[in-house]
Structures are given as C-alpha cells and as structure tokens.
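No hydrogens, no waters, no symmetry mates; every other heavy atom, side chains included, goes into these values. Whatever order the structure lists them in is the order used to number ligands and atoms, beginning at 1.
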Amino acid sequence: MSTSASGYIVLLGAPGAGKGTQAERLEKDIELPHIATGDLFRAALKQQTELGKLAQSYMDRGVLVPDDVTIAMVKERFGQADASRGAILDGFPRTVEQAVALDSILAERGAGVTIAPYIKVSTDTLLARLAGRWVCRGCGAVYHMLYSPPAREGVCDSCGGELYQRSDDTPETHLKRIQVYLEETAPLIEFYRDRGLLAEVDGEQDIEGVYADLLRLVRGATQSSS
Ligand code: ADP
Ligand code: AMP
C-alpha cells in the first residue's frame, strides 16, 4: 500500500550503508521525491555543465564538493514544486554547515527536518557493499552483484538500461570516502540526536529487513494519509 506523507526525511549513513537503496523504495511508498546530491552532481556531469565539471574533480578524489556549491544546488532543487510537501534527502547534509543551511532553507517555508534515520553499518560491511555496487545508467536503480543482483547480468530490471560501476567505486576511493564521512559527516549523528530527530536503524540486516524498520519509523514521524 502506498500512502502520501509530508515531511523532510534526512537519511544518514556512511557511503555504502544503503541510503539510495532504501530511498528508492521509500519514495514509491510515501510519495515524496528522492533528492540525492550525488545523483544531482552526476546528472550535471553527464550534461557537462560547469557545476558537473567542478563536482567531478572532488568526486573522483572521494572528497566533498564545497559547501557553498552544494547548498546552492540543493536550494535550487528545493525550489521545484515536487519538494513543497517534503522530500527524502540522501547524501545531504554531509557537514554541519550543510545541516544548518538545510534548517534555514526549511524554516523559510515554515518547516523543519521531520526525522533523521541513521542506517548503521560496520566498515567491513560498507566495503563489501561498495565493492559490488552496480548502478543503472538509465534510471539510477542500484544493484549489488551478490546481495541484490539483476535478473539479467548487466541489465536493469526496471528499465532495461545498462548497468555500470561508478568511477568513484574503486578500493582507494572507498577508503577515502569512509574517512571523509567519519571526519565531516559523522558529527551529524550527534547534531540530530541533540535535536531529538535521530532514529537508529540496524543496517546490517538484508535490504527488506532494513526497509521494514525504516518504513515503520518514517510512517510514525510523517503525517500519513491514504
Ligand atoms: P549509499 O546510497 O548509502 O551509498 P547504496 O544504496 O548505493 O548505498 O548501497 C550500496 C550497495 O550495497 C549497493 O550495491 C546495494 O545494492 C547494496 N545494499 C544496500 N543495502 C543493502 C543491504 N541491507 N544488504 C545488502 N546489500 C545492500
Ligand atoms: P554519493 O552519490 O552520495 O555517494 O556521493 C558521491 C560524491 O558526490 C561524494 O563522494 C562527494 O564528492 C559528492 N557529494 C554528494 N553529496 C554531497 C554533499 N552533500 N556535500 C558535498 N559533496 C557531496
């Protein structure tokens, strides 16, 4: 059953925790747009815009795109009509400065963050998940060669698009991204805990197990109507 909801959901978790995988499912069930800053940067790069070219130089190194650039891009995305009732934020905020900016963007529309589910996963699990990740070039659907394989190798189940491995999914970049996460993004766990918004989810479960816990938390926090 899909139900519409309202509210701004901040998905927290290290690279590879499963934020995108869960957001894909959640957006179908609660009918809020999935806004992933990584996807926005990759779309800009595909179109060879200045933003895309700038972002690539950071993404390839596994470091964060500067806050001012990221915040401006998110502000623009929030200006689109589909985000007026709420959104599922995946990969944003990633720094305390971004979290503070998000609060003011939402305050301008009389809103705030509704819940910050934190998908908690060990480093060994993150590395195993990142190593096997394949993504659809067409629709962005996420697969794993062992844990969530497509029916036909290299082909997306949803749209028939070609699957590829992201250029930043290399062993060296994985370690760098996890290190950057621990230094710059992990402080957001306390940021949201202090505000009473954090909700921990055991991310070591299989995809359906994580989703069941996440959906229950999100439904409880957002105003749902059929
Ligand atoms: P993130 O968006 O947090 O970086 P992804 O959603 O892209 O993470 O997931 C990373 C990889 O792990 C993908 O290949 C995905 O299929 C796989 N994955 C996600 N969640 C789980 C899970 N609970 N169990 C096993 N594999 C998972
Ligand atoms: P992701 O798709 O979430 O794994 O993000 C891929 C890359 O995009 C990251 O390693 C960063 O270089 C960049 N990126 C995505 N979101 C942000 C953000 N909120 N702030 C800064 N950089 C980001």
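Listed by chain and number, Ala14, Pro15, Gly16, Ala17, Gly18, Lys19, Gly20, Thr21, Arg129, Arg133, Val142, Tyr143, His144, Tyr147, Gln205, Asp206, Ile207, Val210 each place a non-hydrogen atom less than 4.0 angstrom from ligand 1.
Proximity of Arg177 to ligand 2, defined as any heavy-atom pair under 4.0 Å, is confined to the side chain (atoms from C-beta onward). Contact annotation: for Glu97 versus ligand 2, there are no heavy atoms closer than 4.0 Å. Of all the heavy atoms of Val180, none lies under 4.0 Å from any atom of ligand 2, so neither backbone nor side chain is involved.
Heavy-atom contacts of Val63 reach the following atoms of ligand 2: 11 (C), 12 (O) (cutoff under 4.0 Å). For ligand 2, the atoms sitting less than 4.0 Å from at least one non-hydrogen atom of Thr70 are 18 (C), 19 (N), 20 (N), 21 (C), numbered in the order shown with element in parentheses. Taking a cut-off of under 4.0 Å to the non-hydrogen atoms of Gly38, the atoms of ligand 2 that pass are 2 (O), 5 (O), 15 (C), 16 (N).
Among the atoms of Val65, some N or O lies under 3.5 angstrom from an N or O of ligand 2. Ligand 2 has an N or O atom lying under 3.5 Å from an N or O atom of Thr37, backbone or side chain. Polar contact check, Gly62 against ligand 2: no nitrogen or oxygen pair lies under 3.5 Å apart. An N or O contact shorter than 3.5 Å links Gln98 to ligand 2 by distance. Between Arg42 and ligand 2, a contact under 3.5 Å exists for at least one N or O pair. Taking distance alone, with nitrogen or oxygen atoms compared against 3.5 Å, Arg166 approaches ligand 2 more closely than that limit.
Contacts of Glu190 classified as side-chain hydrogen bond (donor to acceptor under 3.5 Å, both in side chains), with partners at least two apart in sequence or in another chain: Arg193.
Residue Leu40 places every heavy atom at 4.0 Å or more from ligand 2.
Taking only non-hydrogen atoms, the option from Arg94, Lys19, Glu184, Lys176 nearest to atom 3 (O) of ligand 2 is Arg94.
Tyr181 does not carry Arg177 over the face of its six-membered ring by the limits of under 6.0 Å from the centre and within 45° of the normal. For the pair Arg166 and Tyr164, the cation-pi criterion (under 6.0 Å, within 45° of the ring axis) is not fulfilled.
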